[in-house]
Amino acid sequence: GKVRCKSTGHEMAPTKEVVEAYLSGKKYLKARAKIVGGEYDFDKFLPSIVTSRKDPTKLFCHLTKKTINKVPEEIELHVNGRRFKARLREKEELDERRKKKSA
């Protein structure tokens, strides 16, 4: 017989070593992050980061023009990165100047 993973559908031998190796492996961890990512609130990054038009399984950052996987850790890394922060600062300064101009 074989053991089947409910979340990924992967089949493996029913031994402790094989199952533990799979659960600590790269493919399982990525698949699990996507499942957990479904519960993650991506709306807090709007309007800068939105769902990608080319690939709905990913996100797109309008500030850096980069496509990001829908993995919470990757999004946090992107948002805390220096490029994103610099572009966000530039955008906020531009918005302030526009507001002053129109007032």
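Every value quoted in this text rests on a predicted model; they were computed, and no experiment measured them. Values reported hereafter were calculated over all heavy atoms of this structure, with side chains retained and with hydrogens, waters and symmetry mates removed.
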Chemist: With the 4.5 Å side-chain cut-off for hydrophobic clustering, are Y28 and V19 part of the same group?
Modeler: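 Yes, because Y28 and V19 connect within a single hydrophobic cluster, where side-chain heavy atoms sit under 4.5 Å apart.
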Chemist: Please list every donor-acceptor pair under 3.5 Å in which a side-chain atom of residues 47-55 meets a protein atom from a residue at least two apart or in another chain.
Modeler:
unit_1	atom_1	unit_2	atom_2	d
S52	OG	K54	N	3.3
S52	OG	D55	N	3.3
D55	OD1	T57	N	3.2
D55	OD1	T57	OG1	2.7
D55	OD2	T57	OG1	3.3

Chemist: As an exercise, state the distance from NZ of K27 to NE2 of H10, rounded to the nearest 0.5 Å.
Modeler: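 Interatomic distance, K27 NZ to H10 NE2, rounded to 0.5 Å: 8.5 Å.
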Chemist: What pair of heavy atoms forms the shortest contact from K2 to P14, and how long is it?
Modeler: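 Closest approach of K2 to P14, heavy atoms only: CA-CD, 4.3 Å.
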Chemist: For a quick test of reading the model, state the closest non-hydrogen atom pair linking P56 to K70 and the distance between them.
Modeler: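 So the minimum-distance heavy-atom pair works out to O-NZ, 3.5 Å.
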Chemist: Rounded to the nearest 0.5 Å, how far does OG1 of T64 lie from NZ of K85?
Modeler: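 It is 14.0 Å, given to the nearest 0.5 Å.
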Chemist: For residues 12-24, which residue pairs qualify under side-chain hydrogen bond (donor to acceptor under 3.5 Å, both in side chains), counting only residues two or more places apart or in two chains?
Modeler: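 The answer is T8-Y22.
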Chemist: Would a 4.5 Å heavy-atom cut-off, applied to side chains only, mark E73 and E76 as touching?
Modeler: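 Heavy-atom side-chain distance check fails, nothing below 4.5 Å.
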Chemist: So which pairs with a foot in residues 84-103 pass ring-ring contact (aromatic ring centres under 6.0 Å, His included), sequence neighbours left out?
Modeler: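 Sorted pair list: H78-F84.
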Chemist: With hydrophobic residues grouped by side-chain heavy-atom distances under 4.5 Å, do V71 and L23 end up in a single group?
Modeler: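 Cluster IDs for V71 and L23 differ.
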Chemist: Which residues end up grouped with L94 if you chain together Ile, Leu, Val, Met, Phe, Trp and Tyr wherever their side-chain heavy atoms are less than 4.5 Å apart?
Modeler: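 Joined to L94, directly or through intermediates: none.
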Chemist: Can you hop from L29 to L77 via hydrophobic side chains spaced under 4.5 Å?
Modeler: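 They do not share one cluster, since no chain of ILVMFWY contacts under 4.5 Å joins L29 to L77.
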Chemist: My understanding is that only residues two or more places apart in sequence, or in another chain, count here; which of them pass salt bridge (Lys or Arg N to Asp or Glu O under 4.0 Å) with K91?
Modeler: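 If we apply the salt bridge (Lys or Arg N to Asp or Glu O under 4.0 Å) test to K91, skipping adjacent residues, the hits are D95.
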Chemist: To the nearest 0.5 Å, tell me how far I68 CD1 sits from E74 CD.
Modeler: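 Result: 8.5 Å between the selected atoms.
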Chemist: To the nearest 0.5 Å, what is the distance between CD1 on I75 and CZ on F45?
Modeler: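 Result: 6.5 Å between the selected atoms.
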Chemist: Using distance only, find each side-chain donor-acceptor pair of residues 96-103 under 3.5 Å and give its atom names and separation, not counting sequence neighbours.
Modeler:
unit_1	atom_1	unit_2	atom_2	d
S102	OG	R98	O	3.3
S102	OG	K99	O	3.1

